[in-house]
Amino acid sequence: MNNGNNYKRRRKDTFPGDEDTCSTDHEPKKKDLNGIITSLLLLEEQEKRDHEEQNEASNEEKSIMESNHKRKTRTMLEFYTNLQDYYSEIDETDRRKRKKSRAMAASVAAAAAVSQTENQSPNQQSKQSGSSQQRRLWVKDRSKAWWDECNRPDYPDDEFKKAFRMSKSTFELICEELNSVIAKEDTTLRNAIPVKQRVAVCIWRLATGEPLRLVSKRFGLGISTCHKLVLEVCSAIRSVLMPKYLHWPDEDSLRETKEEFEGISGIPNVVGSMHTTHIPIIAPKISVAAYFNKRQTERNQKTSYSITVQGVVDTRGVFTDVCIGWPGSMSDDQVLEKSALYQRANGGLLKGVWVVGSSGYPLMDWVLVPYTQQHLTWTQHAFNEKIGEIQKVAKEAFGRLKGRWCCLQRRTEVKLQDLPVVLGACCVLHNICEMRDEGIDPDLKFELEDDDTVPEVALKSVSSMKARDAIAHNLLHHGLAGTAFL
């Protein structure tokens with residue numbers, strides 16, 4: 001018991017000392033914490049004051065900059081206004097001086113004329129009054145010696161054909177056809193340009209592709225006049241001669257064309273050979289990506305832009321249908337779908353006949369194309385060989401078109417909106433030359449570089465696939481196919 005009481009007393013004696021020790025240890029810690037909090041509060045208030053001072057300074061700087069900018073702008077406007085007024089005064093002064101000098105010159109001329117009239121006899125005065133009515137506009141004197149030489153009746157026909165890609169008789173035929181449309185009358189100010197010279201300027205420009213400044217020197221005309229003549233004559237050719245020389249054939253002509261193509265290839269009911277070529281152009285200002293020609297760019301290692309010309313020809317290489325002007329980025333099958341021929345075919349115009357195209361076109365009820373899959377059979381090889389002979393007709397026709405009219409081989413100065421008219425005129429002139437058996441110089445032959453594109457949908461008609469298989473079977477088993485595929 002005593003031991004227990006002693007233990008309790010020791011515990012009571014110990015705890016009060018311990019409490020004093022703990023209290024003395026915590027008091028410094030509390031003081032330090034209060035000091036830290038106070039310092040943080042002071043720092044935060046100082047940062048707020050600094051931030052407010054910075055905002056006030058930035059606002060003042062901003063207002064100063066705005067006021068300076070407004071002052072500079074106002075000063076600049078005043079300067080340009082004063083400068084414009086100064087130049088306006090100078091222009092007005094010059095105008096008054098010119099007017100005064102003209103008036104003085106007119107008065108001097110009138111006085112001289114009066115004095116001269118007083119010294120002349122009555123007959124001379126009457127002649128002078130008659131000639132004064134024949135006032136003429138001043139025109140720069142340019143040499144026309146080259147054209148005058150070509151226009152001589154005794155000028156050699158072969159030289160004329162070498163220059164204008166056609167004989168004199170064909171040239172005169174075109175002039176007669178266009179005379180009523182492009183002929184102009186003489187005026188009191190100047191003489192009209194003759195019809196032959198108008199047509200010659202246009203044909204020479206199309207045939208050679210020469211820059212207008214050289215055409216101007218050759219024909220003794222102004223550059224703008226030559227440009228205007230080219231567009232006027234091309235427009236007349238398209239409106240007057242195209243309906244006569246470039247149109248879809250009638251039934252009798254179609255029957256003859258079928259027989260001729262069947263004689264070439266053994267394939268029946270073929271009424272035309274179709275091909276699409278590209279004409280290089282200068283980069284247009286709008287829709288540049290649409291006219292970008294990826295295949296020519298990769299081939300030539302130079303950025304190329306073009307428009308398309310789709311044409312159908314008969315066995316002579318005469319165009320029976322053309323579609324001109326679609327952008328060069330479009331594939332052959334896309335151009336075909338945009339053409340008037342496609343619309344007429346959907347209307348039943350080409351029912352029961354074939355137009356032969358390359359592998360860039362889809363197989364349709366009226367479009368016959370070669371087999372394109374791998375591992376062809378002998379029958380399919382034979383068919384491709386024969387259909388290639390028909391395709392060759394169109395490619396050679398386009399080669400002669402670009403060979404005759406060299407303006408189609410390079411980028412021209414003609415605006416994009418005027419180019420379809422020029423290309424249409426080239427196709428019409430090509431037909432006239434082909435119909436009149438105007439041969440082409442071998443040196444002018446042009447090798448086409450058109451690549452066959454891959455159509456989005458290669459087969460658009462199951463019945464046409466069966467019809468093609470039947471034609472291929474008949475070619476091989478009736479001895480009409482060649483042996484080039486062996």
Side-chain angles (χ1 to χ4, degrees), residues 165 205-207 209 230-231 234-235 237-238 241-242 245-248 272-282 284 287 290-296 299 304-314 316-344 355-358 360-361 367 391-412 414-434 440 444-453 455:
R165 310 298 193 258
R205 165 81 165 144
L206 299 180
V230 171
L231 295 181
C234 285
S235 179
I237 290 173
R238 187 174 182 181
L241 300 183
M242 181 175 281
Y245 292 100
L246 201 162
H247 55 80
W248 192 254
S273 178
M274 181 167 56
H275 183 72
T276 299
T277 191
H278 288 257
I279 307 299
I281 62 172
I282 299 173
S287 304
Y291 293 90
F292 176 69
N293 191 319
K294 181 179 179 181
R295 292 178 295 277
Q296 286 187 0
R299 184 190 306 112
S304 301
Y305 301 90
S306 65
I307 66 172
T308 59
V309 177
Q310 174 191 285
V312 179
V313 302
D314 59 14
R316 297 174 296 172
V318 174
F319 289 103
T320 57
D321 182 87
V322 291
C323 177
I324 301 171
W326 290 101
S329 64
M330 296 175 62
S331 58
D332 293 351
D333 60 317
Q334 292 173 335
V335 176
L336 177 62
E337 291 179 359
K338 297 292 185 180
S339 65
L341 180 67
Y342 188 87
Q343 304 301 326
R344 293 200 301 268
V355 174
V356 172
S358 65
Y361 301 100
V367 179
Q391 293 174 345
K392 184 179 178 182
V393 176
K395 291 181 179 179
E396 289 180 349
F398 272 99
R400 293 195 297 275
L401 172 72
K402 288 188 173 183
R404 276 196 183 98
W405 315 116
C406 296
C407 67
L408 307 181
Q409 301 177 18
R410 59 180 71 94
R411 298 180 299 177
T412 66
V414 181
K415 294 181 180 179
L416 185 61
Q417 61 266 27
D418 298 327
L419 201 52
V421 177
V422 176
L423 299 182
C426 290
C427 293
V428 173
L429 294 174
H430 166 87
N431 278 7
I432 294 175
C433 292
E434 294 291 322
I440 184 172
L444 297 175
K445 287 185 178 180
F446 184 79
E447 191 72 23
L448 293 179
E449 295 181 347
D450 300 315
D451 300 323
D452 291 336
T453 58

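In what follows, every heavy atom counts, from backbone to side chain, and hydrogens, waters and symmetry copies are set aside. Keep in mind it's a predicted model, so treat the numbers as computed, not measured.
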Reported [atom1]-to-[atom2] distance for the pair [X] and [Y], which is rounded to 0.5 angstrom:
X	Y	atom1	atom2	value
Thr276	Asp332	OG1	CG	4.5 Å
Phe398	Ser273	CZ	OG	9.0 Å
His247	Asp321	NE2	CG	12.0 Å
Leu419	Ile324	CG	CD1	9.0 Å
Glu337	Gln343	CD	CD	9.5 Å
Thr308	Leu336	OG1	CG	11.0 Å

Note, [X] side chain near [Y] side chain (heavy atom, < 4.5 Å):
X	Y	value
Cys427	Leu246	yes
Tyr305	His278	no
Met274	Val312	yes
Thr412	Ile282	no
Arg404	Leu444	no
Ser329	Gln334	no
Glu434	Arg400	yes
Cys234	Val230	yes

Without hydrogens or angle criteria, can the side chains of Thr277 and Lys402 be said to hold a donor-acceptor pair below 3.5 Å? yes
Establish, from distance only, whether the side-chain atoms of Asn293 and Ser306 form a donor-acceptor pair under 3.5 Å. yes
Please walk me through it: do Val318 and Val313 pass side-chain contact (heavy atoms from CB on, under 4.5 Å)? CA-CA 5 Å; Val318 174; Val313 302; over 6 Å; no
Is it the case that over 12 heavy atoms from other parts of the model lie below 6.0 angstrom from the CD atom of Glu447? no
Examine distances only and state if a side-chain atom of Ser339 and a backbone atom of Tyr342 form a donor-acceptor pair shorter than 3.5 Å. yes
Minimum-distance pair of heavy atoms, taken over all atoms of [X] and [Y]:
X	Y	result
Arg295	Gly328	NH2-O, 4.3 Å
Cys426	Leu408	SG-CD2, 4.1 Å
Leu423	Val309	CD1-CG2, 3.8 Å
Cys433	Trp405	SG-CZ2, 4.4 Å
Trp248	Arg344	CE3-NH2, 4.5 Å
Leu416	Pro284	CD2-CB, 4.0 Å

Ile307 and Trp326: side-chain contact (heavy atoms from CB on, under 4.5 Å), yes or no, with the steps? CA-CA 6 Å; Ile307 66 172; Trp326 290 101; over 6 Å; no
For side-chain contact (heavy atoms from CB on, under 4.5 Å), just list the numbers for His430 and Tyr245, CA-CA rounded to whole Å, side-chain angles, deciding distance to a tenth of an Å, and then say yes or no. CA-CA 10 Å; His430 166 87; Tyr245 292 100; over 6 Å; no
Report the C-alpha distance between Arg238 and Val421 in whole Å, list the side-chain angles of each, state the deciding distance to 0.1 Å, and finish with yes or no for side-chain contact (heavy atoms from CB on, under 4.5 Å). CA-CA 7 Å; Arg238 187 174 182 181; Val421 177; 3.4 Å; yes
